[in-house]
Amino acid sequence: MERDNELVMGVPTHTLFETGFYFKGFVTPGPLVHYLMERIEQSAAYRYRGDCETDIEFKQIIPYCLITRGQETFVYRRKNGSDEKRLHAKFSVGIGGHINPEKSLFSTRSVIQASMFREITEEVEISADIEHDHSPKFIGMINWDEDEVGTVHFGLVYHIQLPEHTTVEIREKDKLEGSFQPVNEVCEIDNWENWSNLVVGAYLIPYLKRN
């Protein structure tokens, strides 16, 4: 399937934020997140990706999953061969992608979960069972309207906590490169994509220092 003809889930921007519950940045679970998740579940729709990549009136929903192992986090960088040219050479801690229709699933939440697992499996190989033993924990949302990527995407942030000695390997080595990095190395990276920059400072570094 060509990228532009891919059906992706999103919500009309005015519907998501229609009652003034707008935020910018990263927010953790609470009344605002609960409300916005209800809006997503009630109003999610599918459009062709090519029609909405520059349409600020439609927020594409993106599961964005962090992976940690003790005091290390998995960090990757997009090479020139990656599909998202607007993020080339940027470092990221979030693995995920667009949500596509799932014919066998009916609830929006189950479709989001299925797409998240599919995207993780496509991008990395993990030597642990993340669907049962180490399932992702929902930790918040990202909205960032200060760049062309952020204006058309909305992030659902998850966290996978892996046990020591678990391995994670990039599958598409022509598009990505990545490895686990200790907290001191994570602190020194300054070329983050914007979503990762938000999550690293507000959530990830404090989490790693506690563990």
Side-chain angles (χ1 to χ4, degrees), residues 21-38 40 61-78 87 89-97 109 112-113 115-147 149-150 153-171 176-211:
F21 288 91
Y22 178 83
F23 76 95
K24 182 172 70 175
F26 169 70
V27 293
T28 54
L32 173 61
V33 166
H34 178 74
Y35 169 82
L36 292 173
M37 185 62 81
E38 285 188 338
I40 292 170
I61 306 301
I62 306 291
Y64 196 74
C65 194
L66 320 180
I67 300 176
T68 61
R69 183 181 66 184
Q71 288 189 306
E72 299 177 310
T73 188
F74 192 77
V75 177
Y76 71 93
R77 185 178 69 87
R78 290 179 173 85
L87 298 175
K90 299 284 189 180
F91 286 94
S92 178
V93 292
I95 294 177
R109 193 178 294 265
I112 291 171
Q113 289 278 342
S115 288
M116 176 176 60
F117 284 122
R118 186 195 67 245
E119 289 288 342
I120 293 171
T121 302
E122 287 178 356
E123 294 194 10
V124 294
E125 181 177 358
I126 302 175
S127 66
D129 185 349
I130 62 169
E131 290 198 46
H132 301 97
D133 298 334
H134 308 285
S135 58
K137 174 186 177 182
F138 178 66
I139 62 168
M141 294 176 168
I142 294 175
N143 185 57
W144 189 250
D145 292 325
E146 301 300 314
D147 61 58
V149 177
H153 295 93
F154 186 88
L156 305 178
V157 188
Y158 297 82
H159 182 186
I160 297 176
Q161 298 166 278
L162 296 175
E164 298 289 343
H165 310 303
T166 304
T167 60
V168 177
E169 298 288 339
I170 294 288
R171 290 187 185 275
L176 306 172
E177 58 184 3
S179 63
F180 279 104
Q181 298 292 330
V183 62
N184 61 306
E185 297 290 338
V186 173
C187 290
E188 292 179 2
I189 296 174
D190 60 6
N191 190 30
W192 295 111
E193 64 184 27
N194 284 331
W195 278 18
S196 285
N197 192 47
L198 294 168
V199 175
V200 166
Y203 174 83
L204 189 57
I205 289 176
Y207 168 83
L208 293 172
K209 289 183 175 179
R210 289 195 305 267
N211 288 272

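Values reported hereafter were calculated over all heavy atoms of this structure, with side chains retained and with hydrogens, waters and symmetry mates removed. Fair warning: this is a prediction, and the values are worked out from it, not measured in the lab.
For the atom pair CD1 (Ile160) and CD1 (Ile126), the distance works out to 5.0 Å, reported to the nearest 0.5 Å. Rounding to the nearest 0.5 Å gives a distance of 13.5 Å between CE of Met141 and CD1 of Ile62. To the nearest 0.5 angstrom, Ser196 atom OG is 7.0 Å from Ile142 atom CD1. Distance CD/Glu193 to OH/Tyr76: 5.5 Å, rounded to 0.5 Å. Note that CD1 of Ile112 is 7.0 Å distant from CD1 of Ile61, once rounded to the nearest 0.5 Å. In this structure, Asn143 CG and Tyr22 OH are separated by 5.0 Å, a value rounded to the nearest 0.5 Å.
By the 30° and 60° cut-offs, the orientation of the rings of Tyr64 relative to Trp195 is perpendicular.
Counting non-hydrogen atoms of neighbouring residues, nucleotides and ligands closer than 6.0 angstrom, the CZ atom of Arg109 reaches no more than 12 such neighbours. The environment of CD in Glu125 is sparse: at most 12 heavy-atom neighbours from other residues, nucleotides or ligands sit within 6.0 Å.
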Side chain to side chain contact (heavy atoms under 4.5 Å, CB included) between Phe180 and Ile67, worked out: CA-CA 9 Å; Phe180 279 104; Ile67 300 176; 4.1 Å; yes
Please test Phe154 against Leu36 for side chain to side chain contact (heavy atoms under 4.5 Å, CB included), starting from the C-alpha separation and ending with a verdict. CA-CA 11 Å; Phe154 186 88; Leu36 292 173; 4.2 Å; yes
Verify side chain to side chain contact (heavy atoms under 4.5 Å, CB included) between Lys24 and Trp144, making sure each step is shown before the conclusion. CA-CA 5 Å; Lys24 182 172 70 175; Trp144 189 250; 3.5 Å; yes
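Across all non-hydrogen atoms, the minimal contact from Pro206 to Val200 is CD-O, 4.0 Å. Residues Phe91 and Val75 come closest through the heavy atom pair CD2-CG1, 3.8 Å. His134 and Ala128 get closest at one heavy-atom pair: CD2-CB, 3.9 Å. Nearest heavy atom pair, residue Asp145 against residue Gly150, reads OD1-O, 3.6 Å. Contact record, Met116 with Pro136: CE-CG, 3.8 Å, taken as the closest heavy-atom pair. Across Arg69 and Glu164, no two heavy atoms sit closer than the pair CG-CA, 4.1 Å.
When side chains are defined from C-beta on, Met37 counts as touching Leu156, because their heavy atoms get closer than 4.5 Å. At a threshold of 4.5 Å between non-hydrogen side-chain atoms, the residues Leu66 and Ile139 count as touching.
Of the listed residues (Tyr207, Phe74, Phe138), just one forms a ring pair (Phe, Tyr, Trp, His ring centres under 6.0 Å) with His159, and that residue is Tyr207. Across Val168, Asp133, Thr68, a single residue satisfies side chain to side chain contact (heavy atoms under 4.5 Å, CB included) together with Leu162, and that is Val168.
Side-chain atoms of Ser179 and Gln181 form a donor-acceptor pair, as typed in the model, at a separation below 3.5 Å.
Using modelled atom types, no side-chain atom of Arg78 and backbone atom of Leu176 make a donor-acceptor pair closer than 3.5 Å.
Under a cutoff of 6.0 Å and an axis angle of 45°, Lys90 and Trp192 do not form a cation-pi pair.
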